[in-house]
Amino acid sequence: MTQHRIGIGYDIHRLVEGRKLILGGVEIPYEKGLDGHSDADVLLHAICDAILGAMCKGDIGEHFPNTDPAYKDISSIVLLEKVGDLLKEEGYCITNIDTMLQAEEPNIKSFKAAMKENIAKALSLDVETINIKATTQERLGALGNKEGIAAFASVLLIK
């Protein structure tokens, strides 16, 4: 019997000076980067959580705790690959991934194709199964004040 499962993921990190801005595994030129134990790639973290949630396998913090020195400054592409390995072990395939980045700046339009390629490669998917959207907060709240960046992701799995 075919089984379908939906998962959602969310992540948010503060923008700080002295860090590179990595989104979707792409280094984006910007005066600040995201603060975190790993590279703080909110887009990939949200995707990891969506996949783990759809499999009922907890969340990214349970699998890659920020108290473990092994994950200090690790590329989130590596974390996504590990989640992809678990996905395969459990016998699931990804039907599609839909994401939303929330950031006042920078404009990520010209980086979307590279982000999709990185995600597709990490999860052995066709690029066409991945969607990346972006929106501003219309200068409202912490994200609108350029204090951070957030991401949402949803994923549909089939077994």
Side-chain angles (χ1 to χ4, degrees), residues 1-15 21-26 28 34-68 70-71 74-104 106-138 140-144 148-159:
M1 179 168 77
T2 303
Q3 183 181 47
H4 293 85
R5 302 199 104 182
I6 297 170
I8 59 168
Y10 172 77
D11 197 27
I12 186 170
H13 284 272
R14 181 180 309 276
L15 282 164
L21 178 59
I22 310 292
L23 294 170
V26 176
I28 299 183
L34 294 169
D35 191 23
H37 186 70
S38 66
D39 64 5
D41 187 329
V42 292
L43 182 62
L44 298 187
H45 292 183
I47 293 170
C48 285
D49 265 348
I51 294 168
L52 291 167
M55 292 190 297
C56 297
K57 294 290 182 184
D59 62 42
I60 192 170
E62 293 172 47
H63 290 265
F64 314 109
N66 64 5
T67 55
D68 188 336
Y71 302 117
I74 194 168
S75 167
S76 294
I77 288 288
V78 173
L79 304 181
L80 185 61
E81 288 170 346
K82 290 178 182 285
V83 170
D85 291 343
L86 179 60
L87 181 81
K88 290 173 192 159
E89 288 172 20
E90 294 289 322
Y92 288 101
C93 295
I94 294 174
T95 302
N96 74 300
I97 297 172
D98 189 28
T99 66
M100 170 68 74
L101 275 164
Q102 295 179 310
E104 211 62 31
N107 187 311
I108 60 119
K109 188 176 188 178
S110 62
F111 301 100
K112 284 182 181 182
M115 291 177 191
K116 288 169 70 170
E117 288 175 21
N118 287 342
I119 296 163
K121 183 178 176 188
L123 294 171
S124 302
L125 297 173
D126 290 330
V127 173
E128 294 78 29
T129 63
I130 302 158
N131 190 46
I132 299 173
K133 303 180 296 285
T135 188
T136 68
Q137 295 298 106
E138 300 293 330
L140 295 172
L143 298 179
I149 296 177
F152 289 91
S154 62
V155 63
L156 177 61
L157 304 183
I158 189 169
K159 189 175 195 177

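Each residue takes its place number in the sequence, starting with 1.
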Evaluate the side chain to side chain contact (heavy atoms under 4.5 Å, CB included) criterion for residues Leu86 and Leu52: first the C-alpha distance (whole Å), next the side-chain angles of each, then the deciding distance (0.1 Å), finally the verdict.
-> CA-CA 9 Å; Leu86 179 60; Leu52 291 167; 3.8 Å; yes
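- A 4.5 Å side-chain heavy-atom check between Val42 and Leu23 finds at least one atom pair inside the cut-off.
- With rounding to the nearest 0.5 Å, the separation of CD1 in Ile94 from CG in Asp126 is 11.5 Å.
- How far SG of Cys48 is from CG of Leu87: 11.0 Å, rounded to the nearest 0.5 Å.
- Side-chain contact between Tyr92 and Ile51 is absent, with no heavy-atom pair separated by less than 4.5 Å.
- Between the side chain of Asp11 and the backbone N or O of Ala151, no donor-acceptor pair lies under 3.5 Å.
- Within a 6.0 Å radius of CZ in Arg5, other residues, nucleotides and ligands contribute more than 12 heavy atoms.
- Side-chain N or O atoms of Thr99 include none that pairs as donor or acceptor with a backbone N or O of Ser154 at under 3.5 Å.
- Between His13 and His45, the ring planes lie perpendicular to each other; the angle is over 60°, past the 30° to 60° tilted range.
- Evaluation of the salt bridge (charged side-chain N to carboxylate O under 4.0 Å, His left out) test over residues 79-95, restricted to residues two or more places apart or in two chains, returns Lys57-Glu90.
- Few gaps surround CD1 on Ile158; more than 12 heavy atoms of other groups in view lie less than 6.0 Å from it.
- The closest side-chain heavy-atom distance from Asn131 to Asn96 is not below 4.5 Å.
- Using a 4.5 Å heavy-atom cutoff, the side chains of Leu80 and Asp41 are not in contact.
- Considering only heavy atoms from C-beta on, Phe64 comes within 4.5 Å of Val83 through its side chain.
- Contact between Gly7 and Ala54 at its shortest, heavy atoms only, is N-CB, 3.6 Å.
- Side chain to side chain, Ser76 and Asp39 meet the donor-acceptor criterion of an N or O pair below 3.5 Å.
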Return all side-chain donor-acceptor pairs below 3.5 angstrom for residues 109-116, not counting sequence neighbours, or 'none' if the list is empty.
residue : atom : partner : partner atom : Å
Lys112  : NZ   : Ile132  : O            : 3.3
Lys116  : NZ   : Ile130  : O            : 3.3

Evaluate side chain to side chain contact (heavy atoms under 4.5 Å, CB included) for Leu125 paired with Ile97, printing each intermediate quantity in order.
-> CA-CA 10 Å; Leu125 297 173; Ile97 297 172; 4.0 Å; yes
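- Asn118 contributes a side-chain N or O that, together with a main-chain N or O of Gly24, makes up a donor-acceptor pair within less than 3.5 Å.
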Would you please test Ile12 and Leu143 for side chain to side chain contact (heavy atoms under 4.5 Å, CB included) and show each step?
-> CA-CA 9 Å; Ile12 186 170; Leu143 298 179; 3.9 Å; yes
Side chain to side chain contact (heavy atoms under 4.5 Å, CB included) between Ile149 and Leu21, worked out | CA-CA 10 Å; Ile149 296 177; Leu21 178 59; 3.9 Å; yes
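- Contact of the Leu34 side chain with the Ile22 side chain is not registered, since no non-hydrogen atoms from C-beta on lie closer than 4.5 Å.
- One finds the CG atom of Asp98 at 10.0 Å from the CD1 atom of Ile47 (value rounded to the nearest 0.5 Å).
- The minimum heavy-atom distance linking Ser38 with Ile74 is given by the pair CB-O, 3.5 Å.
- In this structure, the separation between CD on Glu138 and CD on Glu104 is 7.0 Å, given to the nearest 0.5 Å.
- Using modelled atom types, one finds a donor on one side chain and an acceptor on the other under 3.5 Å when comparing Gln102 with Gln137.
- Under the 3.5 Å distance criterion, the side-chain polar atoms of Asp59 are matched with a main-chain donor or acceptor of Gly61.
- Shown here for Leu157 and Met55, the closest heavy-atom pair between the two residues is CD1-CG, 3.6 Å.
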